[in-house]
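Each chain gets a letter, A, B and so on, in the order its sequence line appears, and its residues count up from 1. These numbers come from a predicted model, not from an experiment.
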Amino acid sequence: MSLAELESLAYKLCNLSQLRQLHAHLLVKLSLHHHTQCQWVSLLISQCTRLRAPPSYTRLIFHSMPRPNVHVFTSMFKYYSNSNFNLGGSDQVASLYRQMQQRSDLTIGTFVYPVLIKSASSAGIQFHAHVRKLGLASDHYVRNAILAFYAKYGPVEHARYLFAEMHDSTLADWNNMIFGYWKWGNKDDACKLFDMMPERNVVTWTSMVTGCARIKDLDNARRYFDQTPLKNVVSWNAMLSAYAQNGCPEEALRLFDDMMNSGDQPNETTWAIVISSCSSCGDCSLADSFVQKLNQKQIHLSYFSKTALLDMYAKRGSLPTARQIFDELGAYRNTITWNAMISAYTRVGDLASARELFDKMPQKDVVSWNSMISGYAQNGQSALAIDLFKDMINAADGLKPDEVTMVSVISACGHLGALDIGNWVISIVRKHHIKLSVSGYNSLIFLYSKCGSMEDAKMTFQEMKTRDVVSYNTLIAGFAAHGHGMEAIKLLLKMKGEFIEPDRVTYIGILTACSHAGLLEEGWKVFESIKAPDVHHYACVVDLLGRVGKLDEAKEIIDGMLKEPHAGVYGSLLNASRIHKRIDLGEFAASKLFELEPHNSGNYILLSNIYASAGRWDDVVRVRESMRKIGVKKATGWSWVEYKGKMHKFIVGDRSHERSEDIYRLLAELGRKMRNAGYMADKTCVLRDVEEEEKEEMVGTHSEKLAVCFALLVTDAEAVIRVVKNLRVCWDCHTVIKMISKLEGRKIILRDNNRFHCFSDGVCSCGDYW
DNA sequence: CTAGGGTTAG
């Protein structure tokens, strides 16, 4: 068989098993001339590149040659530079080059260097000095490869010097310069160069399209695309991805239709973009019809677009299908495939399966860590998210966290109220010079707000050059939790002044802030200005009216609602009924709530508290009885404090904490002190013994007392005690902590799931709350 | 022989 015959045969192969057959067939005949053998093996390796064969197989072919010539080496370099597998590329390329150098029978021609430079540069290996020493730097192709290296990996200034020195630059050099300027955010120079170019080709135009897309300038991207003479599939793909990556998947799909009518044939890249656009549109049927069409036309998707397909099934919740694709990919899986599967699991909350894959995967990149960390963070496992982040920092593979990591970890710290850990995380942001974007700053605002440092939250907000609606919403929610109503309203005015449109979350924050601050009129005005209030806004306004005692007005609002009220609305009314001792409305709200959420213990407790405050003890017993009958268990309350970078969690009845003995001793001592000081004004306001609480089935009620006692034991007198509780703080505990703050002269900040309580000298900042 | 497009995480 001649080489030409073999070539035409090889390029007809369309999958790996056909390649294997050909390989086996050739092995039989490998008794030929060494030169012919080399030609054959090079051909096979370039087929590996084309068919994206896994590295193990490609290396097998390479090693089947005893003394490969320069062409065989070169095809291996090409394989490495075109492959998307995680190959540990640097080691491979470097060792191949070393092997070549050691072979005295080889003459390394100049043509090897451009491809060598390209394949090594993705691993950060520079050949600039080396090829200069060899006297090759003046070769057009070598020179271009070096220019491309600096354009891609920076510093782009080096590319600029090289380019300026050239007196015979080629179109490829110009194109690389344009690419480099866009890549490093230098729009002006890119455009300047484009305008003065002696000639342009489709590559030039496509670079401009992609450059504009990078800065989200879709109009100009489209303009360059439309002006492109002689478009090809890459031009179309560039424009498609411009839409897809800037949140316009519908537009991408529209353009895809144009493409189908244009006569240009889509390729793998096109399918990947289109499939991912379908999944971001959330249009399952569209995606299904695509898959069907592909099957009809017998188009074989490569591992690359199969990852997009996997993700699409995962996003619509078809996890078994996604997993099937993942399993079928076998040796074709790369890091991105693994990452996609991991986030598929975290999305549905299956953290165990996600973690199993995470631990098993052969190579992790930043996205792998980020997927797992954010998976924990978004499924309420903040502590695990932080632990995994620590593992990431200490891991041997030396991966640097990026902004995405930081956003997840910082917000996890916020959820926990872990300010010390949060500050440590911020120090890492500085150490690695991680540039924060709007969402990075938003996460900082969230952290500070959740940790009670409103000054820092405000300062961060003011430092931001651009803010989005989330920035405002986060700070507003912070003010709301602290009861700073006017500050929240000022922010609403400010955001309107900056032409940022408030959304439903904004209004929930504002109404909550007004309600906590007792700003009835202001809140009511805001509520009336909401164009289409939803149930949450109604719940807020019922709370607003209810807290100031306008319960009948609140009831009227409920009766006038167009939509069916949800539990939150009645919950607000029930809580207000408790504050203002309105048994009639309390019973009404409770009856609705018992229908809507029969297993929410909070409603029963609130109702029984209403009866208790009216001295109707028979009814208290009746409510407790019905709880027992229905099988409603009081939700477990827990509290935690941060101490020396660790979270210390407390649940009443659990004595596993190492300082438990001391904590309970201090608790008893404080109880005695209070009784002696005569703080027994109310009989519900007793610092009860734990055993007694357990008997009364009050387990979990006062975990915050344990946390406060622990902090009293371990911190010095000046330190502010910060405690977080997962549920709402109950009334007698609130009173007790007020007393502790007076007796011990300590400042205590208690955050519950509703708001902040800042205790100092026997007074709480939310004085109007109870 | 170069140069432009692709899947995953907040």
So what does A:Ser371 touch, heavy atoms closer than 4.0 Å: a base, only the sugar-phosphate, or nothing? sugar-phosphate
Where along residues 338-353 of chain A does a heavy atom come under 4.0 Å from DNA chain B, residue by residue in number order? A:Asn339, A:Ser343, A:Arg347
Would you check if A:Val291 and A:Tyr313 make a side-chain contact, meaning some heavy-atom pair closer than 4.5 Å? yes
How many whole angstroms separate atom CZ of A:Arg214 from atom C1' of B:dG4? 11 Å
Select base, sugar-phosphate, or nothing to describe what A:Asn144 touches, counting heavy atoms under 4.0 Å on all strands. base
Short side-chain N/O contact from A:Lys152 to OP1 or OP2 of B:dG4, under 4.0 Å: yes
Any N or O donor-acceptor pair linking the side chain of A:Gln378 to the base of B:dG10 at under 3.5 Å? no
Got a donor-acceptor pair under 3.5 Å from the side chain of A:Asn201 to the base of B:dG4? no
Looking only at N and O atoms, is any donor in the side chain of A:Asn176 or the base of B:dA3 less than 3.5 Å from an acceptor on the other one? no
Is there a donor and acceptor pair, one atom on the side chain of A:Asp173 and one on the base of B:dA3, closer than 3.5 Å? no
Do A:Asn267 and B:dG6 have a side chain to base donor-acceptor pair shorter than 3.5 Å? no
Do A:Lys118 and A:Phe77 form a cation-pi contact, if we require the NZ or CZ to be under 6.0 Å from the six-membered ring centre and within 45 degrees of the ring's axis? no
